Amino acid sequence: MVKKIDHIGIAVKDLEETLKFYQDVLGMDLAGTEIVEEQKVKVAFLPIGDTKIELLESTDKEGPIARYIEKKGEGVQHIAYRVDDVEKAIKEMKEKGIRMIDESPRYGAGGAKIAFAHPKSTNGVLIELCQRD
Ligand code: ZN
């Protein structure tokens with residue numbers, strides 16, 4: 001079902017500050033930033049090989065990333081797997097007994113169609129299914 005790791009999502013408190021580490025220390029390039037209103041996040045993409053690092057800063061103290069950081073601190077927040085057809089993947093996951101956070105696709109940064117599986121069904125890892133056309 002999954003083709004590759006589309007990106008790794010990392011929750012950060014301060015995007016500008018964090019970018020200094022990724023750009024100046026690790027020498028990665030910033031491909032772009034985007035605000036995703038629906039999820040109350042500002043996202044920065046840094047391509048690496050065939051995948052990307054996605055840095056996520058909350059734009060609202062009640063947003064999901066702000067709540068995540070409050071509970072667990074900064075760090076790896078989700079792993080996104082590329083799928084060809086996210087609706088089909090959701091259906092297959094459900095048929096196999098996996099609890100989905102999203103039962104239908106929602107908008108993801110960069111125009112992706114995404115859906116999250118519940119970490120209770122995936123050994124504690126927040127998994128994003130990600131379709132790009
Ligand atoms: Zn993501």
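The structure displayed is predicted, hence computed values, not measured ones. In each ligand, atom 1 is the first atom listed, and ligand 1 is the first ligand listed.
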K.L.:
I'd like to know if Arg106 pairs up with Asp102 as an ion pair, taking the criterion as any Lys NZ or Arg NE/NH1/NH2 lying under 4.0 Å from an Asp or Glu carboxylate oxygen.
P.N.:
yes

K.L.:
Verify the neighbour count for atom CG of Asn123: are there more than 12 heavy atoms of other residues, nucleotides or ligands below 6.0 Å?
P.N.:
no

K.L.:
Any donor and acceptor pair, going by atom type alone, linking the side chain of Thr18 with main-chain N or O of Val12 inside 3.5 Å?
P.N.:
no

K.L.:
Considering only N, O or S atoms, which atom of Glu54 is nearest to the Zn ion (ligand 1)?
P.N.:
OE1

K.L.:
For Phe45 and His7, I'd like to know if the aromatic rings sit close, meaning centre-to-centre distance below 6.0 Å.
P.N.:
no

K.L.:
Which atom name does His78 have for its N/O/S atom nearest to the Zn ion (ligand 1)?
P.N.:
NE2

K.L.:
Of all N/O/S atoms in Glu128, which lies nearest to the Zn ion (ligand 1)?
P.N.:
OE1

